[in-house]
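Below is one structure, written out as structure tokens; comments come after it.
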Amino acid sequence: MKKGLLSGIILIAIGAFTIYWAIDHSPNASIGEKVNDLLEEDAYRMSEAWYYTSLVAGSIIALLGLRNLLKS
């Protein structure tokens, strides 16, 4: 497998996971999710700054992976 193809796939996966993580731990959760967080021990919500930082970073990483994928 080509190096560019493999690195593209890995970067897209990392970027997609980062975006998923940010959305799943969004500070803009619904009331039902916030109540559920009170009942769980390991509940976690990001601050707004880290939420948007994670979304931007995940998008950039995924776009770099897509660029590598298309170049190979």
Side-chain angles (χ1 to χ4, degrees):
M1 191 179 284
K2 291 183 180 179
K3 183 180 176 186
L5 182 67
L6 183 61
S7 69
I9 291 171
I10 291 171
L11 285 174
I12 290 172
I14 292 171
F17 177 77
T18 305
I19 292 170
Y20 166 75
W21 178 266
I23 291 172
D24 193 42
H25 297 88
S26 169
N28 305 323
S30 67
I31 292 175
E33 290 176 352
K34 288 182 181 179
V35 169
N36 192 27
D37 288 347
L38 292 173
L39 301 175
E40 291 182 19
E41 267 184 42
D42 299 332
Y44 174 74
R45 291 283 162 205
M46 293 177 148
S47 68
E48 275 196 51
W50 280 111
Y51 171 68
Y52 290 115
T53 302
S54 298
L55 286 178
V56 169
S59 299
I60 291 171
I61 292 169
L63 287 174
L64 288 174
L66 185 62
R67 185 194 67 171
N68 287 353
L69 195 66
L70 294 175
K71 278 177 105 176
S72 65

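All of these numbers come straight from a predicted model, not from anything done at the bench. When a residue number appears, it is its place in the shown sequence, counting from 1.
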Minimal heavy-atom distance between Ser59 and Leu55, with the atoms involved, is OG-O, 2.8 Å
Can you name the closest pair of heavy atoms from Ala22 and Ser54 and give their distance?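 Scanning both residues, the minimum pair turns out to be CB-CB, 3.7 Å.
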Review point. What about Ile19 and Tyr52, same hydrophobic cluster or not, with Ile/Leu/Val/Met/Phe/Trp/Tyr joined at side-chain heavy-atom distances under 4.5 Å?
Key: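 In one cluster with Ile19: Tyr52, yes.
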Q: Give a yes or no on whether Ile14 and Trp50 share a hydrophobic cluster (residues Ile, Leu, Val, Met, Phe, Trp, Tyr; joining criterion: side-chain heavy atoms under 4.5 Å apart).
A: no
Listed partners of Arg45 passing salt bridge (charged side-chain N to carboxylate O under 4.0 Å, His left out), at least two apart: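 Counting only residues at least two positions away or on another chain, Arg45 forms a salt bridge (charged side-chain N to carboxylate O under 4.0 Å, His left out) with Glu33, Asp37.
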Non-neighbouring partners of Ser26 that pass side-chain contact (heavy atoms from CB on, under 4.5 Å), sequence neighbours left out: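 For Ser26 the side-chain contact (heavy atoms from CB on, under 4.5 Å) partners, ignoring immediate neighbours, are Asn28, Tyr51.
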Under the side-chain hydrogen bond (donor to acceptor under 3.5 Å, both in side chains) rule, what pairs show up with a residue in residues 11-21, not counting sequence neighbours?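 Residue pairs passing side-chain hydrogen bond (donor to acceptor under 3.5 Å, both in side chains), neighbours aside: none found.
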Could you list the donor-acceptor pairs under 3.5 angstrom formed between side-chain atoms of residues 61-72 and any protein atom two or more places apart in sequence or on another chain?
residue, atom, partner, partner atom, Å
Asn68, ND2, Ser7, OG, 3.4
Ser72, OG, Leu69, O, 3.0

